[in-house]
Structure formats: structure tokens, C-alpha cells
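Just below is one structure, and these are the notes that go with it.
Basis for what follows: all heavy atoms, side chains included, without hydrogens, waters or symmetry-related copies.
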Amino acid sequence: MRAEQEKGLPGLPDGIKVSRNGHVFATGPGGVHILAPDGRALGLIGTGKSVANCALDAAGRRLFLTSSDMLAVVPVRPV
């Protein structure tokens, strides 16, 4: 997340969720960072704004993102 913060992307580390298979979804600069169970960075769900929190649905197929003025739903592909 340090590289995104140095680029000036909005947001700070805040919410974190772990899927059943161990993938980590962590809000931070630029949106939601996705990490493999071994800690490797897999990607970023870019939002263009600060994301305060995230939550997975009971089946682990949708990720909900919240900010001060947004609620978004992102499909999650099972691995």
C-alpha cells in the first residue's frame, strides 16, 4: 500500500476481511487491495475515493464497499 500512498491516492488502511480460502481484502490508498493467503499482492479494486470498509456476503461471492457517500458491490470470483 505504500506505493499507492506515495502516489497520493485517496484513502488510508482501515477495513479488512479474509475470505474462506484465505484471500485478504484490505481497504487502503486507491481502493481495496487484494492479497493472496501467502501475502502476495494480487490486485487493487480502484475506486478513485477513500473506502472506509468492506464486507463479504455469506457465500463469499460479493464484496461490499462503503465510503462516506457510496455503497458498491463487486462480484468475487471463487478460486
H23 side chain near P37 side chain, heavy-atom distance below 4.5 Å
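Sidechains of P37 and H23: in contact.
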For residues I45 and I34, determine if any side-chain heavy atom of one lies less than 4.5 Å from a side-chain heavy atom of the other.
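Yes, close enough: below the 4.5 Å cut-off.
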For the residue pair S67 and K49, what are the closest heavy atoms and their distance?
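Smallest interatomic distance, heavy atoms only, reads OG-CD, 3.6 Å.
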Could you report the tightest heavy-atom contact between S19 and F25, atom names first, then the distance?
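Between these two residues, the closest heavy atoms are CB-CE1, 4.1 Å.
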Let me confirm one number: the CG-CZ distance from L56 to R61, rounded to the nearest 0.5 Å.
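Rounded to the nearest 0.5 Å, the CG-CZ separation comes out at 12.0 Å.
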From CG (L63) to NZ (K17), nearest 0.5 Å
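Rounded to the nearest 0.5 Å, the CG-NZ separation comes to 9.5 Å.
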Any chain of hydrophobic side-chain contacts (each under 4.5 Å) joining V32 to V76?
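Same cluster: V32 reaches V76 through Ile, Leu, Val, Met, Phe, Trp or Tyr contacts under 4.5 Å.
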Identified side chain to side chain contact (heavy atoms under 4.5 Å, CB included) counterpart of L65 within the set T47, N53, L71:
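Considering T47, N53, L71, a side chain to side chain contact (heavy atoms under 4.5 Å, CB included) with L65 is found only for T47.
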Could you list the residues that satisfy side-chain contact (heavy atoms from CB on, under 4.5 Å) with V24, not counting sequence neighbours?
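Counting only residues at least two positions away or on another chain, V24 forms a side-chain contact (heavy atoms from CB on, under 4.5 Å) with I16, V18, A26, L35.
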